Peer 1: 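Can you read through this structure? Questions will come right after.
Starting from 1, each residue takes its place in the sequence as its number. The structure displayed is predicted, hence computed values, not measured ones.
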Amino acid sequence: MSWAGSEDIYLSTSLASYLDKKLLILLRDGRKLMGTLRSFDQFANAVLEGACERVIVGDLYCDIPLGLYVIRGENVVLIGEMDLEREELPPHITRVPTEEIRKAQKVEKDASELKGTMRKRMEFLDLD
């Protein structure tokens with residue numbers, strides 16, 4: 001007896017065409033992972049070899065190496081094959097070290113939290 005439905009068969013078949021290819025995977029939490037697909041199962045759980053997380057903040061980016069990485073299928077939003085012959089990012093994007101991108105992420109997060117706090121204060125006034 002198999003628990004897999006007919007839609008699971010199509011998912012597995014489509015992932016099979018990506019085996020041993022470099023992929024970009026977008027996760028539910030917004031992270032972008034790149035690596036070579038080495039294995040997957042019927043739940044779309046995937047194993048990436050040579051994985052790295054691409055972090056982009058404004059005009060800065062960094063590829064943080066992760067090594068061999070297992071991704072739970074329910075967290076995958078999008079999978080796409082990368083074109084190795086094409087430039088990956090626009091020329092105005094600058095590569096920076098990991099420490100610098102972490103600082104930029106913190107600044108961006110703090111600014112977002114401040115914006116949310118200000119919005120709540122404005123809603124509290126309810127000028128209508």
Side-chain angles (χ1 to χ4, degrees):
M1 177 180 202
S2 174
W3 292 98
S6 60
E7 64 277 354
D8 295 329
I9 294 169
Y10 296 121
L11 177 64
S12 298
T13 307
S14 64
L15 282 178
S17 66
Y18 289 127
L19 277 173
D20 299 325
K21 294 186 179 170
K22 187 164 183 177
L23 303 179
L24 173 68
I25 300 178
L26 179 63
L27 302 180
R28 280 194 318 188
D29 63 2
R31 288 184 295 157
K32 294 165 275 308
L33 303 179
M34 300 182 313
T36 304
L37 182 66
R38 291 299 179 203
S39 183
F40 66 93
D41 64 11
Q42 71 270 23
F43 305 108
N45 297 322
V47 176
L48 290 183
E49 180 181 52
C52 64
E53 178 182 357
R54 173 151 294 168
V55 179
I56 302 173
V57 179
D59 288 344
L60 306 175
Y61 86 96
C62 181
D63 290 336
I64 302 169
L66 303 171
L68 192 65
Y69 206 75
V70 178
I71 302 168
R72 188 173 171 97
E74 69 181 21
N75 292 322
V76 175
V77 173
L78 178 123
I79 297 177
E81 184 178 354
M82 295 183 68
D83 186 356
L84 301 176
E85 297 175 7
R86 198 163 168 231
E87 185 66 30
E88 294 181 21
L89 291 170
H92 69 277
I93 303 286
T94 307
R95 185 181 189 126
V96 296
T98 305
E99 302 81 31
E100 192 173 332
I101 203 73
R102 293 292 182 208
K103 288 177 189 173
Q105 276 183 310
K106 183 173 180 355
V107 167
E108 185 178 62
K109 180 182 176 194
D110 291 345
S112 177
E113 288 175 357
L114 179 63
K115 185 178 178 181
T117 302
M118 296 303 290
R119 182 175 289 133
K120 286 180 183 176
R121 288 181 183 172
M122 294 303 287
E123 288 173 357
F124 174 74
L125 293 175
D126 196 25
L127 298 175
D128 289 335

Peer 1: I need the Met34 CE to Lys22 NZ distance, nearest 0.5 Å.
Peer 2: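 Answer for the CE-NZ pair, Met34 versus Lys22, is 5.0 Å.
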Peer 1: With Lys106, which residues qualify under side chain to side chain donor-acceptor pair (under 3.5 Å), at least two apart?
Peer 2: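 Only Asp110 meet the side chain to side chain donor-acceptor pair (under 3.5 Å) criterion with Lys106.
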Peer 1: Shortest non-hydrogen contact from Asp63 to Cys52?
Peer 2: CB-SG, 4.0 Å
Peer 1: Can you tell me which residue pairs pass the salt bridge (charged side-chain N to carboxylate O under 4.0 Å, His left out) test with a partner in residues 64-75, sequence neighbours excluded?
Peer 2: Arg72-Glu74
Peer 1: What residues join Leu68 in its hydrophobic cluster, counting side-chain heavy atom gaps under 4.5 Å, either direct or through other members?
Peer 2: Val47, Val70
Peer 1: Measuring from Ile25:CD1 to Asn75:CG, what's the distance to the nearest 0.5 Å?
Peer 2: 11.0 Å
Peer 1: Test of understanding: with side chain to side chain donor-acceptor pair (under 3.5 Å), list the residues that count as partners of Glu108, not counting sequence neighbours.
Peer 2: none
Peer 1: To the nearest 0.5 Å, what is the distance between CD on Glu81 and CG on Leu37?
Peer 2: 10.5 Å
Peer 1: Could you work out the complete set of other residues in the hydrophobic cluster of Val107, with links drawn between I, L, V, M, F, W and Y side chains under 4.5 Å apart?
Peer 2: none
Peer 1: Does Ala51 have any side chain to side chain contact (heavy atoms under 4.5 Å, CB included) partners at least two apart in sequence or in another chain, and if so, which?
Peer 2: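 Residues passing side chain to side chain contact (heavy atoms under 4.5 Å, CB included) with Ala51: Leu48, Leu66, Tyr69.
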Peer 1: With rounding to the nearest 0.5 Å, note down the distance linking CZ in Arg54 to CG in Leu33.
Peer 2: 11.5 Å
Peer 1: For Ile93, which residues count as a side chain to side chain contact (heavy atoms under 4.5 Å, CB included) partner, sequence neighbours excluded?
Peer 2: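 Listed in chain order: Asp59, Tyr61, Leu89, Pro90.
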Peer 1: Should Thr36 and Leu23 count as side-chain neighbours, where that means a heavy-atom distance under 4.5 Å?
Peer 2: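 A side-chain contact under 4.5 Å is absent here.
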Peer 1: Would you give the length of the straight line joining atom CD1 of Ile56 to atom SG of Cys62, rounded to the nearest 0.5 angstrom?
Peer 2: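 It comes to 11.0 Å.
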Peer 1: Supply the members, apart from Val57, of the Ile/Leu/Val/Met/Phe/Trp/Tyr cluster built from side-chain contacts under 4.5 Å; use none for a lone residue.
Peer 2: Val55, Leu60, Ile64, Val96, Ile101
Peer 1: Kindly write out the residues that satisfy side chain to side chain donor-acceptor pair (under 3.5 Å) with Gln105, not counting sequence neighbours, or none if the list is empty.
Peer 2: Arg102
Peer 1: side-chain contact (heavy atoms from CB on, under 4.5 Å) for Ile71 and Asn45? Distances and angles first, verdict last.
Peer 2: CA-CA 6 Å; Ile71 302 168; Asn45 297 322; over 6 Å; no
Peer 1: Any chance you could lay out the side-chain contact (heavy atoms from CB on, under 4.5 Å) test for Lys32 and Leu24, step after step, and finish with the verdict?
Peer 2: CA-CA 7 Å; Lys32 294 165 275 308; Leu24 173 68; 4.1 Å; yes
Peer 1: What pairs with Arg38 under side chain to side chain donor-acceptor pair (under 3.5 Å), at least two apart in sequence or on another chain?
Peer 2: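 Expected list: Asp20, Glu49.
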Peer 1: Show your working on side-chain contact (heavy atoms from CB on, under 4.5 Å) between Tyr18 and Ile79 and close with a plain yes or no.
Peer 2: CA-CA 9 Å; Tyr18 289 127; Ile79 297 177; 4.2 Å; yes
Peer 1: Please go through Leu26's hydrophobic cluster and name the other residues, only I, L, V, M, F, W, Y counting, with side-chain heavy atoms under 4.5 Å joining them.
Peer 2: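 Members other than Leu26 - counting any ILVMFWY side chain reachable under 4.5 Å - are Val77, Leu78.
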